[in-house]
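Worth knowing before you read on, the calculation uses all heavy atoms, side chains too, and leaves out hydrogens, waters and symmetry mates.
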Amino acid sequence: MTTTKRRFGHFGGQFVPETLMTPLQELEDAYEEAKNDPEFQQELAYYLKQYVGRETPLYFAERLTKKMGGAKIYLKREDLNHTGAHKINNAIGQALLAKRMGKKKIVAETGAGQHGVATATACALLDMECIVYMGAEDVRRQQLNVFRMELLGTKVIAVEKGSATLKDAVNEALRHWVTHIEDTHYILGSALGPHPFPTIVRDFQRIIGDETRLQIVEQENRLPDAVIACIGGGSNAIGMFYPFIEDADVALYGIEAAGAGVDTNAHAAAIHVGKTGVLHGAFMYLLQDENGFIQEAHSISAGLDYPGVGPEHCHLHESGRAKYPSVTDEQALQGVKLLCETEGILPALESAHAIYYAAEFAKARPADEIIVVCLSGRGDKDVHTLIEKLGGGGQ
Amino acid sequence: MNLQLIIEETLTKGDKAFVPYIMAGDGGLETIKPTILKLQQLGVSAIEVGIPFTDPVADGPTIEKAGQRALSHGVTLKGILQELTSFADEIAVPLVAMTYLNPILAYGIEAFARNAYAAGIRGLIVPDMPLEESSILHPALKAQGIALVQLVSLTSPPERVKKLAAASEGFIYAITVNGTTGVRAEFAENLPAHFSELKRHSNVPVLAGFGISTPGQVKELSTFADGVIVGSQIVAALEKQDWATIESLVHAAKKVPIL
Ligand SMILES: Cc1ncc(COP(=O)(O)O)c(C=O)c1O
């Protein structure tokens, strides 16, 4: 039974050890069955509404719009979800799927810790055992989330290897999964990895775009001119973009993290660099040297600190359907301040990349245009980094 | 030198194949030549040459660390192929390269196949390229006469085992544990049945690998496998230059009684 696509254009695929091929097939079969089972969909809808708090508002950012003096800016408030980011949409979906498959244990990777917290939360809710791998560097940057996961009964394992960030956490989570394949499901946190993960994650995140579509028509009586979201592995962006892909008049912008600048070697802008390769099960754009060794990504935001980009985005880039500009660490910090000061909303550093780009973009567009930004998460987790970079907090 | 024929020759003599895994360049590129020459002197059937990679997801800690050491010496696929080519006329056993896919893609597929053959490589194992994805490499390898070895896992269901067994070239790499490379105390109970199933469907020898570390395990697995691949234990012994351990492992595959 193969009804989902293994590839997006020539991106994606299943570049995994043989030991994972059968579990991936089982996952695909189970997912196809669940997807078409009204009972599963009802259960998912129940938790999303009653537990996560969906639907999330599509909020007209009037003061930000005024300040920029151009197109109207709307914010899709994924930061208002339980646990504070879009990651819970996928974590609950996959945890329910794992339960249905008879798996009692969950392993996950996390970068910013938002996916880790979301997974730990879903596991507490559904009474499952949970282990989360997290780069040691991220453990330091995102202390608050580490503690939250521990409170939720999850075991957090710091990964000291490699760059000690998200890529290394994925390596360890994959290793853990191959050695505990009988009773464990791997909840991958972004639209990455081997088929069927990019499809499953996108399907669980498309609720962002589906709601946005209805809400903008309700409020503006038409579709937006542009939709903007930040790109780590690409899950909030693909969730937002997917329902708009067929609408040729809606421009799609995925914002990569430019770190210290795309001309330095400290960034995470894999599409911008444009070299393709294979990592973590998929053929995709990938930061690598001339020997095919994977390079460390850099971003001020742990959640964008990954050297690859989900395969569906690679395809959208190659086909020209979506554009992938980038925003630096400095600009993202400005984005944080801008949203705090104009709207009273502290965005996650990841989301702040999209906010900054959207604000600048809006400035250059006429007042009758409409822009929607995915505000993928809230910034409480980043306060530690913000104090370090912006000063204050009595320091 | 044909990988399959060399292994079959070993079997004809009443021995089982012994294939040690080395991490190429663990200790620097210059360690490759003496290591290979000494191993072939001990009477190994073939040598698996590991290529270091930044993100070796199929490997356990021992091989991963060896890879990190090699990387810290600046070892690359290109450097390894050049080094091997420099003493290719002294290499008397087939080499089987084990590398993740991305370094090959970065090298260029056609150039890799050509230069690998010139370096004495007669077989290739790519742990992150299952059969379904192998069409990107297979034509270039076939044109050069490099065998593409398939890994078969304990999780592969019967129809899949059949497909993999039929497709594998050189030999079949039968994984004896679920998980990554590395030392294990015990193997699954159903291994003998798994191996007879594999042999029934394949035209090439069936070798056991992953987790094999003692002469006793070599003997045990050799009663039903056509040979063994020993990785982590060899890598650890080479780091200490403990050749006595390596010799005892090689010796354990000789004249194994057939059950
Ligand atoms: C708030 C937030 N936004 C965005 C991301 C980036 O992930 P993705 O590109 O999968 O949405 C993360 C990842 O941790 C995150 O926490």
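- The two residues V16(A) and P130(B) come nearest to each other via the heavy atoms O-CD, 3.4 Å.
- Contact tally against chain B (heavy-atom pairs below 4.5 Å) for I294(A), L279(A), I181(A): the top residue is I294(A).
- In this structure, CD in E290(A) is found 8.5 Å from OG1 in T76(B), a value given to the nearest 0.5 Å.
- The shortest distance between side-chain heavy atoms of L151(B) and P17(A) does not fall below 4.5 Å.
- Between M129(B) and Q14(A) the shortest side-chain heavy-atom distance does not fall below 4.5 Å.
- The CD atom of Q288(A) lies 11.0 Å from the CG atom of D55(B); values are rounded to the nearest 0.5 Å.
- With values rounded to the nearest 0.5 angstrom, E296(A) atom CD is found 9.5 Å from T54(B) atom OG1.
- Using a 4.5 Å cut-off between heavy atoms, L71(B) contacts chain A through its side chain alone, with no backbone atom that close.
- No more than 12 heavy atoms of other residues, nucleotides or ligands lie within 6.0 Å of NZ in K65(B), so this atom counts as exposed by the packing criterion.
- When the heavy atoms of residues 201-208 of chain B are compared with those of chain A, none of the residues falls under 4.5 Å.
- Counting heavy atoms of neighbouring residues, nucleotides and ligands inside a 6.0 Å radius, atom NZ of K199(B) exceeds 12 of them.
- Neither the backbone nor the side chain of Q150(B) has a heavy atom closer than 4.5 Å to any heavy atom of chain A.
- Each of A106(B), S153(B), P157(B), G60(B) has some count of heavy-atom pairs under 4.5 Å with chain A, and the biggest count is that of S153(B).
- Note: L164(B) CG to M21(A) CE = 9.0 Å, rounded to the nearest 0.5 Å.
- For P194(A), no part lies near chain B; criterion is any non-hydrogen pair under 4.5 Å.
- For I125(B), no part sits under 4.5 Å from any heavy atom of chain A, backbone or side chain.
- Smallest separation of non-hydrogen atoms from N102(B) and G292(A): ND2-O, 2.9 Å.
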Report task. Please step through side-chain contact (heavy atoms from CB on, under 4.5 Å) for the pair V278(A) and L105(B), ending with a clear verdict. Result -> CA-CA 8 Å; V278(A) 165; L105(B) 297 180; 3.8 Å; yes
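- Counting heavy-atom pairs closer than 4.5 Å to chain B, the top residue among K161(A), H280(A), E172(A), E182(A) is K161(A).
- L77(B) places none of its side-chain heavy atoms less than 4.5 Å from the side chain of N291(A).
- Residues of residues 302-314 of chain A lying under 4.5 angstrom from chain B, judged on non-hydrogen atoms, do not exist here.
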Tabulate below the donor-acceptor pairs under 3.5 Å that side-chain atoms of residues 109-119 of chain B make, not counting sequence neighbours, or state none.
residue, atom, partner, partner atom, Å
N115(B), ND2, Y107(B), OH, 2.8
N115(B), ND2, A111(B), O, 3.4

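- Rounded to the nearest 0.5 angstrom, I136(B) CD1 and F283(A) CZ are separated by 8.0 Å.
- With a 4.5 angstrom heavy-atom cutoff, Q295(A) does not touch chain B via any of its atoms.
- Pairs engaging residues 156-173 of chain B under the salt bridge (charged side-chain N to carboxylate O under 4.0 Å, His left out) rule: E18(A)-R160(B), E132(B)-R160(B), E132(B)-K163(B) [sequence neighbours left out].
- Neither the backbone nor the side chain of V126(B) comes within less than 4.5 Å of any heavy atom in chain A.
- Contacts between I104(B) and chain A at a heavy-atom distance below 4.5 Å are absent for every atom of the residue.
- Contacts between P127(B) and chain A at a heavy-atom distance below 4.5 Å involve the backbone alone (N, CA, C, O).
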